[in-house]
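To start, the structure itself, in structure tokens.
Whatever order the structure lists them in is the order used to number ligands and atoms, beginning at 1.
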Amino acid sequence: MPAEFFGSLSNHKTPPTYKFFNGNEWVESKSKKTTDVISPIDNHVVGKLQVVTTKEIDEVIEKAKRAQRQWEATPLNQRIKIMHLVADWIRHFEQYLTSLLTAEIGKTHDEAKGEIVRTADLIDYFADEAQSLKGETLDSDNFPGFEKGRIAMIERVAYGVVLAIAPFNYPVNLSASKIAPALLMGNSVVFKPPTQGGIAGIHLARIFEKSGIPDGIFSCVTGGGSDVGNYLVSHDDIDLVTFTGSSDTGVAIAAKAKMVPLVFECGGNNPAVILPDADLHLAAREIVKGGFSYAGQRCTAIKYVLGTKKILDQLRPIILETLKDMVKPGDPRSPETKLVGPVISESAAIHIEEVIQEAVKDGAKILTGRKRKGSLIEPTILTSVKPEMAVVKKELFGPIVSLIEIKSMDEAITIINNSSYGLQASVFSRDEGSALNFAKYLKVGTVQINGSPQRGPDHFPFLGVKKSGVGVQGVRYSLESMSRLRPIVLNKPQ
Ligand code: G3H
């Protein structure tokens with residue numbers, strides 16, 4: 001069945017070369033250029049993706065622009081039906097998509113499966129929620145200086161052509177979380193999957209196509225960020241850019257994009273603050289889960305822990321014990337492996353190793369971990385880390401958690417608020433009232449009390465401040481982000 005459904009996407013060679021979707025058919029690029037998708041597990045080439053030309057991008061965007069009005073005019077219930085069908089197909093191919101994710105990006109089986117199941121549920125939720133998005137009417141009755149009787153009818157309408165750029169760490173989920181709300185709100189979508197994860201992205205695109213999206217409304221273009229990505233983001237006919245990826249790339253895209261709305265989820269280097277009365281066993285479990293899931297390659301991963309000397313002295317052995325229970329690094333295809341498989345590439349692993357070495361040179365100590373074999377890095381905990389070290393200052397997408405000793409809770413606030421990132425923070429305390437008060441001082445998108453940072457549940461608002469993001473996502477919030485208000489004012493004839 002997968003062969004029948006997905007068979008025509010590639011040329012079936014080993015490794016297969018995949019086509020791109022130009023809005024109505026799967027084709028090879030005229031560029032005759034491809035880019036390799038390399039598995040982080042053993043460096044084998046999983047497949048090859050087309051590098052599309054600028055002319056092909058122009059054509060895809062032109063089609064998207066032309067088809068959009070008709071799509072927006074399509075009754076919402078029809079768009080909703082299509083989305084439910086997408087969710088059903090994703091569930092139907094759960095196993096197949098799961099194994100693709102493991103091969104392409106090295107997620108463990110459970111994590112990959114979790115991403116697929118979550119995506120289907122998310123799309124269903126989007127489709128259900130779209131029903132309840134309502135406009136409103138306002139009248140001029142109470143506003144000083146305006147006569148009675150003006151009425152504003154305010155509707156939510158599409159922006160037009162949305163560009164959706166997804167990252168490698170959730171190539172299915174963070175693609176669908178952009179594509180589905182944009183389509184539901186009547187936009188057409190140009191989807192640019194990441195290179196690693198691009199094969200899964202192409203399969204997702206096939207599912208959208210097969211579920212009944214009309215010609216031109218949805219396309220999937222592939223190629224590197226430097227040429228294809230840059231051309232897309234600065235294109236005159238893109239009406240909104242939604243992107244997940246590193247903060248550096250986010251800043252670069254924002255500088256190139258025309259004056260269009262941006263919905264960005266960027267990097268994070270999320271702290272966990274341990275207040276003196278915290279439940280340390282709970283904190284340790286959340287730190288290990290938060291720091292090491294998917295080898296620390298989540299924008300919501302815990303990157304550093306702040307506590308006084310007394311607290312950290314007690315916490316260190318508990319974390320080590322918890323780590324032994326909860327984490328088993330290894331081949332992501334093995335059922336033995338828990339949380340830590342390889343990072344996305346050997347070059348990424350080498351970079352992480354260098355940053356750890358630099359921290360050690362500057363006085364940090366290795367509590368556990370550090371060794372690297374290919375793309376696999378042992379779960380690493382550093383102590384005696386200073387906030388100005390690169391291991392804390394820059395988002396490091398790897399299985400590393402740094403412990404930072406502080407003198408006071410005020411110092412914790414200063415460290416967190418001085419960071420250029422501001423995605424999430426965790427605060428641990430048995431006294432929820434104190435944690436709540438503390439949370440209000442933190443300049444981050446979301447504070448989690450007694451839990452690790454995370455995006456889900458997916459209908460909660462998800463946002464970053466500073467270099468961690470622009471705009472708000474989450475089921476209803478994404479539907480709102482992907483649409484604008486259109487007031488039409490009925491004036492009273494004089
Ligand atoms: O990497 C960024 C993702 O949005 C994080 O999602 O918290 O569910 O792992 P997550």
Ligand 1 N/O within reach of Tyr170 N/O, cut-off under 3.5 Å: yes

Polar proximity ligand 1 side, Arg118 side, N/O cut 3.5 Å exclusive: yes

Aromatic plane relationship, Phe191 with Phe218 - under 30° parallel, 30 to 60° tilted, over 60° perpendicular: parallel

Phe243 and Phe264 aromatic ring geometry - parallel, tilted or perpendicular at 30°/60° bounds: perpendicular

Pair Ser188-Gln68, side-chain donor/acceptor within less than 3.5 Å: no

Non-hydrogen atom of Gln297 closer than 4.0 Å to ligand 1: no

Any Phe462 heavy atom less than 4.0 Å to ligand 1: yes

Donor-acceptor contact present, side-chain Lys324 to main-chain Leu320, <3.5 Å: no

For [X], take its heavy atoms, then give the atoms of ligand 1 lying under 4.0 Å from any of them.
{"X": "Glu265", "answer": "2 (C), 3 (C), 4 (O)"}
{"X": "Thr300", "answer": "5 (C), 6 (O), 7 (O), 9 (O), 10 (P)"}
{"X": "Gln454", "answer": "7 (O)"}
{"X": "Asn169", "answer": "1 (O), 2 (C)"}
{"X": "Cys299", "answer": "1 (O), 2 (C), 3 (C), 4 (O), 5 (C)"}

Nearest heavy-atom neighbours spanning Leu240 and Met482: CD2-SD, 3.9 Å

Nearest heavy-atom neighbours spanning Thr108 and Leu339: CG2-N, 4.2 Å

For atom 6 (O) of ligand 1, the protein heavy atom that lies nearest, with its residue and separation: Arg455 NE, 3.1 Å

Near-ring test Phe6/Tyr96, centroid separation under 6.0 angstrom: yes

